[in-house]
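Below you'll find the structure, written out as structure tokens, and then a few comments.
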Amino acid sequence: MLDARYLRENLETVEARLKTRGAGVDLERFRQLDGSRRELLQQTETLKALRNKVSDEISRIKDKSQAQERIAEMREVSQRIKGLDEELKGVEEALENFLLTVPNIPFASTPVGTSEADNVEIRKWGEKPAFDFAPKPHWEIGESLDILDFERGAKLAGARFTLYKGAGARLERALINFMLDLHTERHKYLEMLPPFMVNRESMTGTGQLPKFEEDLFHMEGVDYFLIPTAEVPVTNIHRGEILRATDLPLCYTAYTPCFRKEAGSYGKDTRGLIRQHQFNKVELVKFAHPADSYSELDKLLDDAEEVLRLLELPYRVVELCTADLGFSAARTFDIEVWLPGQDCYREISSCSNFEDFQARRASIRFRADEKSKPEFVHTLNGSGLAVGRTLVAILENYQQANGSVIVPEALRPYMGGIEKIA
RNA sequence: GGAGAGAUGGCCGAGUAGGUCGAAGGCGCUCGCCUGCUAAGCGAGUAUACUGGGAAACCGGUAUCGAGGGUUCGAAUCCCUCUCUCUCCGCCA
């Protein structure tokens, strides 16, 4: 959520910068709502001040029969206050609802673009493997090794669900543990294991609601949502809190499954593990001092890249252009891993700085020092990494001519020492 | 699922025959003084949001005692609904 005061004072600038995202925002509506809010506020508060003053006087009068006239007056004042408050409430709700649907302002240097084609490649790492045979896509490898069962996944739940079997299940689990160990032991993140369902407030805090409810699985009977990413519960850990500046940055990592409806992606990535309703992810989340948030973003990105470097999987980093930026993000770098079976790079991590956008929604603040006023922290997060897609990358990059798959060396301790899935 | 108890400021904890309560007291913390031996004493300060004025320092107004609604001139205090926490019973990995 953007700061109403900042918006009020910089309406044109904000409007121009939001336009680069491609979504037009009618800030005139804001101007109207904000104006009438302040007008109503002044009216009702003036009356309340009067009422408080007279009520105080009444309390001093011993003989209440002497106060009847003023009581009658105040009765009327109270009625007017009630009316104004009701009107004000309506305006404030409308204003709040409006502000909750306005996306974040892109970072100053974010490349301006009109589609994902305008994303900018920042760097590449690793050598694409050379094959003396035609590399297969992971769904073929997985099925012929009998470690991924798409048909039975569909039988159990439906399309976009997969059953992992044997070495496939173990590989997924090994990856989760490998990533968590790396981030906790080497990168010094604190591990969290949060609820996989959250309430409406949490979803609003990170920006999934109110705008994107159709992407979420909602429980029947209770107002809970399945989390689409650990970002939601982990960022909301400090919702409504005031943190100590000396504790920043707070760096958390969490493994969770993620649940997404993938509405609007019919026919897209229908084969294999790329786009599932349920997938595993290890997430990195930071709460940072505003002055440090962009250097923290660089570090977070590097922490995520480290997973691929250790697994020796080729990848590239791209910076998202204004049109491709997520609703809450100010700046985002995607890590894309090389998938030889599909002859393309695919997103495996998305690392963003949300600046104070989520912090304002969720009221996550810090005090620079004892005396100063609380300020909003900057929140950041990134996948470190999407586990299913990492498994995909391993299958495709480490596949052999005979159909087997070599286990990356860094992963072998997590796989009971086995070197090959055959 | 059944029965009961509770939710006050950073923490602890007063405050229910409605007014002088943004809220006693203590702890903690900050600043100053004193003292001097590793601690104590004294004084002052110490919530947040919105909003009006001001260049600013700052001054004023309103709201907030779990959340929302009601009664009343006036509610932390009375009434209703909800949420959460705790205890006991049942069930259960």
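Naming: A, B, ... by sequence-line order, numbering from 1 per chain.
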Using atom [atom1] of [X] as one end and atom [atom2] of [N] as the other, report the distance to the nearest whole Å.
X: A:Ile58; N: B:C73; atom1: CD1; atom2: P; answer: 9 Å
X: A:Leu41; N: B:U64; atom1: CG; atom2: P; answer: 13 Å
X: A:Leu40; N: B:G52; atom1: CG; atom2: P; answer: 13 Å
X: A:Asn199; N: B:C82; atom1: CG; atom2: P; answer: 18 Å
X: A:Leu47; N: B:A63; atom1: CG; atom2: P; answer: 12 Å
X: A:Glu92; N: B:G68; atom1: CD; atom2: C1'; answer: 15 Å

I'd like the [atom1] distance from [M] over to [N], given in whole Å.
N: B:A14; M: B:G25; atom1: C1'; value: 7 Å
N: B:G22; M: B:G61; atom1: P; value: 13 Å
N: B:A5; M: B:U81; atom1: P; value: 15 Å
N: B:U46; M: B:U51; atom1: P; value: 24 Å
N: B:G66; M: B:A76; atom1: P; value: 10 Å
N: B:G70; M: B:G28; atom1: P; value: 43 Å
N: B:U8; M: B:A55; atom1: P; value: 43 Å
N: B:A67; M: B:A7; atom1: P; value: 13 Å

Base-paired stems in RNA chain B, each at least three Watson-Crick or G-U pairs under 3.5 Å: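 As far as RNA chain B goes, consecutive pairing (with distances under 3.5 Å) yields the stems B:1-7 with B:83-89, B:10-12 with B:25-27, B:28-33 with B:41-46, B:47-53 with B:58-64, B:66-70 with B:78-82.
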Among [options], which nucleotide sits nearest the side chain of [X]?
X: A:Glu45; options: B:C73, B:U48, B:C50; result: B:C50
X: A:Ser55; options: B:A47, B:U51, B:C73; result: B:C73
X: A:Pro374; options: B:C73, B:U48, B:U62; result: B:U48
X: A:Lys48; options: B:U62, B:G19, B:U48; result: B:U62
X: A:Lys373; options: B:G69, B:G19, B:A49; result: B:A49
X: A:Ser59; options: B:U51, B:A63, B:G19; result: B:G19
X: A:Arg365; options: B:C50, B:U48, B:G61; result: B:U48

Strand contacts (RNA chain B) in residues 75-86 of chain A, 4.0 angstrom heavy-atom criterion: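 Residues of residues 75-86 of chain A under 4.0 Å from RNA chain B: A:Arg75, A:Ser78, A:Lys82.
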RNA chain B contacts among residues 29-38 of chain A, heavy-atom distance under 4.0 Å: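 Only A:Arg37, A:Arg38 qualify.
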Gap separating the CD atom of A:Glu9 from the OG1 atom of A:Thr13, nearest 0.5 angstrom: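 If we round to the nearest 0.5 Å, A:Glu9:CD and A:Thr13:OG1 are 11.0 Å apart.
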A:Arg51 vs B:A75: side-chain N/O to OP1/OP2 distance below 4.0 Å: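 The answer is no; no side-chain N or O of A:Arg51 sits under 4.0 Å from OP1 or OP2.
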Below 4.0 Å: OP1/OP2 of B:G74 and any side-chain N or O of A:Arg70: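 For B:G74, OP1/OP2 do not have a side-chain N/O of A:Arg70 under 4.0 Å.
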Between A:Ser295 and A:Asp298, a side-chain donor and acceptor under 3.5 Å: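 There is no such pair (donor and acceptor under 3.5 Å, judged by atom type) between the side chains of A:Ser295 and A:Asp298.
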Donor-acceptor pair (no angle test) under 3.5 Å: A:Gln42 side chain, B:G52 base: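 Per atom types, no contact qualifies.
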A:Arg31 with A:Glu28: basic N within carboxylate O range, under 4.0 Å: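 Yes.
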A:Gln399 side chain to A:Glu396 backbone, donor-acceptor under 3.5 Å: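 Flag set: sc A:Gln399 to bb A:Glu396 pair under 3.5 Å.
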Whether A:Tyr189 and A:His187 hold their rings parallel, tilted or perpendicular, with breakpoints at 30° and 60°: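 Rings of A:Tyr189 and A:His187: perpendicular, as their planes differ by over 60°.
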